[in-house]
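Just below is one structure, and these are the notes that go with it.
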Amino acid sequence: MMYVGFDTSNYTTSIAVFSEGRIIQRKKLLEVKQGERGLRQSEAVFQHIVNLPKLADSLSEEIDFKGNINAVAVSTRPRNIEGSYMPCFLVGENAAVCASGLCGVPLYKTSHQVGHILAALYSINRLDFIKKPFIAFHVSGGTTEALLVTPEVDEVIKAEVIAESADLKAGQAVDRAGVLMGLKFPCGAELDKMARESDREYKIKPSMQGLNCSLSGVENKVKKMLENGEAYNDVAKFVISHICSTLDEMTARILEKYGDLPLVFAGGVMSNSLINEKLSKKYSAYFASPEFSSDNAAGIAIYAYLKSL
């Protein structure tokens, strides 16, 4: 029994299969030119169109799909809220519609964010969390949000935003700083490596408004540090320290308001080893492994499985 998921997010093409409790996945980062801080949607759409058949061929070399697919799912929007839309998701949706139609199996549609949460739960072996309330952080280039996640009949889970960044997102702060230092976008992995080579310690006072945060000051501070000739490793450490301190303060305030609910961290920024280490020492939280924290179709394939139950 196989459940197939498609996800064509802003920076990753991915297809995953959930079968017998195991995820088999293929994904490819979209190419961004050196010095650029992102892609136009038209460029992302084109690359997804090119990537999907190659990923499907790679999967078919390992898996015999013939007559074994039970359901297909796809992310069709960033979040499950009205008006949430990006053209890049149309590529995955079209592929999923064709796959389900040709195979004669059900098609389920959900959001990229739900996929992130379910992939994280699979990674930490806690899919049982879908049956009770918990707090999920989704921290990436497009989203820096804390979500109150509760069971939901039609969508499996409902994710309500209870805290967020009012301006710059954590992943944007990472990538903008990285590009200023000449790193190739996306910059997360390289910035993580650079930050670990710095022995500087920064005392950060996060900019907060209630449960919400502001990260807009990070980019301006980075520009000043670079103008003053500070070492790139130290600049990287500052960026990571600022984001970590902000997430720490958000978490403390959320737990104070909502009580001791389980905490799950997901999203590309949460792949950062320093952030993971510091927060895991302070909180009894769950952190998705890097391959299930960054953009992926694993959670979408799991969504197909859960909807089929």
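Between G178 and L191, the closest heavy-atom pair is CA-CD1, 4.3 Å. Closest heavy-atom contact between A173 and V218: CB-CG1, 4.2 Å. A163 and N212 get closest at one heavy-atom pair: CA-OD1, 3.3 Å. For the pair V91 and H48, the tightest heavy-atom approach, listed with the atom from each and the gap, is CG1-CB, 3.7 Å. Across all non-hydrogen atoms, the minimal contact from E155 to N80 is OE1-ND2, 3.4 Å. Of all the heavy atoms in D248 and K282, the pair that sits closest is OD1-NZ, 3.0 Å.
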Would D234 and F238 count as a side chain to side chain contact (heavy atoms under 4.5 Å, CB included) here? Give the steps.
CA-CA 6 Å; D234 293 338; F238 166 77; over 6 Å; no
Salt bridge (charged side-chain N to carboxylate O under 4.0 Å, His left out) evaluation trace for R253 with E249:
CA-CA 6 Å; R253 295 188 182 202; E249 184 64 23; 2.8 Å; yes
Show, in sequence, the C-alpha distance, side-chain angles and deciding distance for E152 and K307, and conclude whether the salt bridge (charged side-chain N to carboxylate O under 4.0 Å, His left out) test is met.
CA-CA 11 Å; E152 212 275 336; K307 287 287 289 184; over 6 Å; no
Does the pair L211 and M250 meet the rule for a side chain to side chain contact (heavy atoms under 4.5 Å, CB included), with working shown?
CA-CA 6 Å; L211 301 182; M250 289 178 73; over 6 Å; no
Output, in order, the C-alpha distance, side-chain angles, deciding distance and verdict of side chain to side chain contact (heavy atoms under 4.5 Å, CB included) for S273 and R196.
CA-CA 9 Å; S273 61; R196 295 199 72 87; 2.9 Å; yes
Given D64 and K66, is the salt bridge (charged side-chain N to carboxylate O under 4.0 Å, His left out) satisfied, shown in steps?
CA-CA 6 Å; D64 181 11; K66 296 177 182 178; 5.5 Å; no
Applying side chain to side chain donor-acceptor pair (under 3.5 Å), run through D295 and H116 and close with a yes or a no.
CA-CA 7 Å; D295 286 1; H116 262 298; 2.8 Å; yes
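Between L148 and L261 there is a side-chain heavy-atom pair separated by less than 4.5 Å. Annotation: side chain of T12 is not in contact with side chain of N296 (no heavy-atom distance under 4.5 Å). With contacts defined as side-chain heavy-atom distances shorter than 4.5 Å, the pair V149/K158 does not qualify. Between I24 and R22 there is a side-chain heavy-atom pair separated by less than 4.5 Å. Side chains of L30 and N51 form a contact here, defined as non-hydrogen atoms less than 4.5 Å apart. At least one side-chain heavy atom of V17 sits less than 4.5 Å from a side-chain heavy atom of I63. Inter-residue side-chain proximity for Y85 and L90 is flagged as met; some heavy-atom pair is nearer than 4.5 Å. Side-chain contact between F185 and L183 is absent, with no heavy atoms from C-beta onward closer than 4.5 Å.
Salt bridge annotation for K281-E277: absent, with no cationic side-chain nitrogen under 4.0 angstrom from a carboxylate oxygen. A salt bridge links R200 with E230: the closest approach of a Lys/Arg side-chain nitrogen to an acidic carboxylate oxygen falls below 4.0 angstrom. Taking 4.0 Å as the cut-off between side-chain N and carboxylate O, E93 and K109 count as a salt-bridged pair. Ion pair E227/K224 not flagged as a salt bridge, since none of the NZ, NE, NH1 or NH2 atoms sits closer than 4.0 Å to an Asp/Glu carboxylate oxygen.
By the rule that hydrophobic residues join a cluster once side-chain heavy atoms approach within less than 4.5 Å of another member, M270 and I124 end up as members of separate clusters. The hydrophobic cluster containing M2 does not contain L306, counting ILVMFWY residues as joined when their side-chain heavy atoms lie under 4.5 angstrom apart, directly or transitively. The same ILVMFWY cluster, assembled from side-chain heavy atoms under 4.5 Å apart, contains both L255 and F287. Under a hydrophobic clustering in which Ile, Leu, Val, Met, Phe, Trp and Tyr are joined whenever their side-chain heavy atoms come within less than 4.5 Å, directly or via other members, L309 and I117 fall into the same cluster. M194 and V179 fall into different hydrophobic clusters, where Ile, Leu, Val, Met, Phe, Trp and Tyr are joined by side-chain heavy atoms under 4.5 Å apart, directly or via other members.
Ring to ring, Y286 and F265 are not that close: their centroids are 6.0 angstrom or more apart. H112 has its ring centre less than 6.0 Å from the ring centre of F89.
Judged by distance alone, the side chain of K27 and the main-chain N or O of E291 form a donor-acceptor pair under 3.5 Å. Between the side chain of S293 and the backbone N or O of G267, at least one donor-acceptor pair lies under 3.5 Å. Between the S271 side chain and the G268 main chain, a donor and an acceptor come within less than 3.5 Å of each other. Judged purely by atom type and a 3.5 angstrom limit, S60 uses its side chain to pair as donor or acceptor with the backbone of D57. Not one N or O on the side chain of S75 forms a donor-acceptor pair closer than 3.5 Å with the backbone of R77. With hydrogens and angles disregarded, a donor-acceptor distance shorter than 3.5 Å links the side chain of T8 to the backbone of C88.
Between S14 and R26, the side chains place no donor N or O within less than 3.5 Å of an acceptor N or O (distance only, hydrogens not considered). S289 and S123 form a side-chain donor-acceptor contact under 3.5 Å, judged by distance and modelled atom types alone.
Within a 6.0 Å sphere centred on CD of E82, heavy atoms belonging to other residues, nucleotides or ligands number 12 at most. Other residues, nucleotides and ligands contribute over 12 non-hydrogen atoms within 6.0 Å of the NZ atom of K184. The local environment of NZ in K54 is sparse, with at most 12 non-hydrogen atoms from other residues, nucleotides or ligands closer than 6.0 Å. Within 6.0 Å of the CG atom in N125, the count of heavy atoms belonging to other residues, nucleotides or ligands does not exceed 12. Within a 6.0 Å sphere centred on OH of Y258, heavy atoms belonging to other residues, nucleotides or ligands number more than 12.
A side chain to side chain donor-acceptor pair (under 3.5 Å) check over residues 141-151, counting only residues at least two apart or in different chains, returns the pairs R79-E145, Q113-E145.
The distance from atom CG of L147 to atom CD1 of I254, rounded to the nearest 0.5 Å, is 9.0 Å. Note that OH of Y202 and CD1 of I240 are 12.0 Å apart. Values are rounded to the nearest 0.5 Å. Atoms OG1 and CG, on T13 and D7 in that order, are 9.0 Å from each other to the nearest 0.5 Å. How far CG of L55 is from CD of Q25: 9.5 Å, rounded to the nearest 0.5 Å. Residue K237 holds its NZ atom at 10.0 Å from CG of N233, rounded to the nearest 0.5 Å. Distance check: D167 CG to E219 CD gives 10.5 Å after rounding to the nearest 0.5 Å.
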Solution key, residues 95-108 side-chain donor-acceptor pairs under 3.5 Å, sequence neighbours excluded:
from	atom 1	to	atom 2	distance (Å)
S100	OG	A96	O	3.2
S100	OG	V97	O	3.1

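Partner of L39 under the side chain to side chain contact (heavy atoms under 4.5 Å, CB included) criterion, chosen from R37, E36, Q41, E43: E43.
Here Y305 pairs with Y3, F18 under the ring-ring contact (aromatic ring centres under 6.0 Å, His included) rule; sequence neighbours left out.
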